[in-house]
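Taking it in order: structure first as structure tokens, then the write-up.
Just so it is clear, the values below take in all heavy atoms, side chains as well, and ignore hydrogens, waters and symmetry mates. Lettering follows sequence order; numbering is per chain, from 1.
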2 protein chains.
Amino acid sequence: MSEPNLKDINELITTEFAKTVEMFGLTPSEARLFAILYLEGEPMTLDEMGEALGKSKTSMSTGIRSLLELNLVERVWKKGERKDLYRADENLYKKFMNAFIHKWMDATNRQKHSLEQIETVLSQNGSNLPGAADPKEVNDLNARLKDMIAFHQLLETAFKKIKPANSVSIDQKLNS
Amino acid sequence: MSEPNLKDINELITTEFAKTVEMFGLTPSEARLFAILYLEGEPMTLDEMGEALGKSKTSMSTGIRSLLELNLVERVWKKGERKDLYRADENLYKKFMNAFIHKWMDATNRQKHSLEQIETVLSQNGSNLPGAADPKEVNDLNARLKDMIAFHQLLETAFKKIKPANSVSIDQKLNS
DNA sequence: TTTTTCGTACAGTTTAAACTGAACAAACTT
DNA sequence: AAGTTTGTTCAGTTTAAACTGTACGAAAAA
């Protein structure tokens with residue numbers, strides 16, 4: 001292999017880091033945009049991002065909006081600069097985890113509640129349900145429901161375990 | 001709202017549960033297939049799944065393969081049955097977590113190693129890199145790399161925290 | 001004021017994913 | 001043996017996502 005140049009190395013890092021970011025549910029495009037932004041360190045304009053990724057400014061605009069909604073990126077103000085500037089926040093790790101843990105916990109909780117509500121309906125309307133050929137069918141369904149709810153409960157507990165706020169601060173870990 | 005029938009309730013449960021499953025990176029189709037399968041409880045054939053979801057058998061075949069590869073579903077043998085039977089495993093929760101925790105940990109580890117390798121290259125080829133306008137540029141890049149590697153380390157630690165203690169064993173299967 | 005520079009909305013296009021039906025091989029039934 | 005049944009491969013289609021360029025409003029510059 002010939003001598004690596006800086007461009008190639010940046011490319012490699014971006015690709016690897018983007019893979020990790022994708023694990024959190026971001027699309028490849030969003031992940032790559034975030035990786036570029038984080039690797040750059042300095043706040044970037046839409047034009048710079050488009051240049052770096054070889055895509056249109058429109059595409060960058062929508063991409064950035066997604067990242068903003070996820071709180072993974074923030075808009076930055078700079079004196080004398082007309083263009084919008086965005087950067088991957090300094091406090092990256094905590095912010096990153098927080099964004100997704102919370103998102104997942106909220107979703108899990110919401111779905112758990114839905115299931116519990118269904119469980120209530122099912123137990124109230126008890127046996128006189130139209131479409132139930134067999135009381136056993138209702139029983140089985142109830143059992144499954146309970147299992148699902150328990151599953152959601154376990155998920156919540158698991159998420160809680162890795163939620164930064166509960167554990168030792170990430171900054172402290174970094175300095176250990 | 002008029003009296004709910006069993007069909008509607010099943011529909012609701014499936015939809016809610018599928019949402020949760022989607023959080024783990026499954027496509028909506030895969031998630032729904034899994035939800036149907038789990039809710040049914042009994043092993044199902046491809047035809048039954050297709051019927052339940054209103055999709056072709058071909059589609060079910062590919063969908064089931066995905067779930068099999070994720071170890072979320074297993075093939076079941078039944079005496080006198082020619083068709084393949086699949087079911088969402090009894091030991092669902094543990095299996096589910098295991099599948100994804102391992103997958104994520106492996107991926108994280110792989111990407112961390114890649115970054116560490118890049119870090120090595122960067123420190124060896126030190127300052128004489130073509131394309132580097134500024135030695136500060138290389139320093140900054142190095143700092144970012146270290147941050148990314150630390151991030152991956154933290155992710156690994158977090159995953160480890162929620163990993164079920166023991167992986168799925170034959171004994172568990174036998175006693176289920 | 002007019003002109004330029006931004007960011008975004010929108011319509012249209014390109015690209016990728018999901019899905020289907022026909023065809024086929026393997027296994028089973030008769 | 002011939003005829004079914006079953007799962008999967010493959011080619012083609014449908015559907016959804018990503019992306020682009022034009023157009024336009026808002027804000028800054030001239």
**Asked** Has Ser61(B) got a side-chain N or O lying under 4.0 Å from the OP1 or OP2 atom of dT8(D)?
**Response** yes
**Message:** Can you tell me how the ring of Phe96(A) sits relative to the ring of Phe151(B), calling it parallel under 30°, perpendicular over 60° and tilted otherwise?
**Reply:** perpendicular
**Proximity to the side chain of Arg65(A) - top-ranked nucleotide from dC6(C), dA9(C), dG7(D)** = dA9(C)
**Request:** Grab the CD-C1' distance between Glu51(B) and dT6(D) for me, whole Å please.
**Result:** 17 Å
**Rounded distance (Å) that lies between atom P of dC6(C) and atom CD of Glu48(A)** = 11 Å
Side chains of residues 35-44 of chain B: which donor-acceptor partners sit under 3.5 Å, not counting sequence neighbours?
none

**Message:** I want to confirm an ordering. Mapping Arg82(A) and Pro28(A) to their closest nucleotides on DNA chain D, which one lands closer to the 5' end?
**Reply:** Pro28(A)
**Request:** When you get a sec, tell me which of dG7(C), dC19(D), dC19(C) is the closest nucleotide to the side chain of Lys55(A)?
**Result:** dC19(D)
**Message:** Which residue in the set Lys161(A), Lys160(A), Lys163(A) passes side chain to side chain contact (heavy atoms under 4.5 Å, CB included) when paired with Ile101(A)?
**Reply:** Lys163(A)
**Request:** Report the distance from atom CG of Leu85(B) to atom C1' of dG7(D), rounded to the nearest whole Å.
**Result:** 13 Å
**Prompt:** Leu33(A) has an atom CG; how far is it from atom C1' of dA18(D), in whole Å?
**Reply:** 13 Å
**Message:** Are more than 12 heavy atoms, taken from residues, nucleotides or ligands other than Gln153(A), located less than 6.0 Å from that residue's CD atom?
**Reply:** yes
**Message:** Can you see whether Glu156(A) engages Thr108(A) through a side-chain donor-acceptor pair at a distance of less than 3.5 angstrom?
**Reply:** no
**Message:** Could you tell me how far apart Tyr86(B) (OH) and dT6(D) (P) are, to the nearest whole angstrom?
**Reply:** 13 Å
**Message:** Whole angstroms only, please: what is the CD-P distance between Glu30(A) and dC19(D)?
**Reply:** 9 Å
**Distance in angstrom units between Glu81(B) CD and dA27(C) P, rounded** = 17 Å
**Message:** So Asp47(A), base contact, sugar-phosphate only, or nothing? Heavy-atom distance under 4.0 Å.
**Reply:** nothing
**Message:** Among dC6(C), dT8(C), dC19(C), which nucleotide has an atom closest to any side-chain atom of Lys83(A)?
**Reply:** dC6(C)
**Request:** For Thr27(A), answer base if it contacts any base atom (sugar-phosphate contacts may also be present), sugar-phosphate if it contacts only those atoms, and nothing otherwise; contact means non-hydrogen atoms under 4.0 Å.
**Result:** sugar-phosphate
**Asked** Of the candidate nucleotides dC19(C), dT8(C), dT8(D), which contains the atom at the shortest distance from the side chain of Lys57(A)?
**Response** dT8(C)
**Message:** Side chain of Ser56(A) only, heavy atoms from C-beta on: which candidate in dC19(D), dT8(D), dT20(D) is closest?
**Reply:** dT20(D)
**Item:** d(CE, Met60(B); C1', dC19(C)) in whole Å
**Value:** 9 Å
**Prompt:** Per the atom types in the model, does the base of dG21(D) pair as donor or acceptor with the side chain of Thr58(A) at under 3.5 Å?
**Reply:** yes
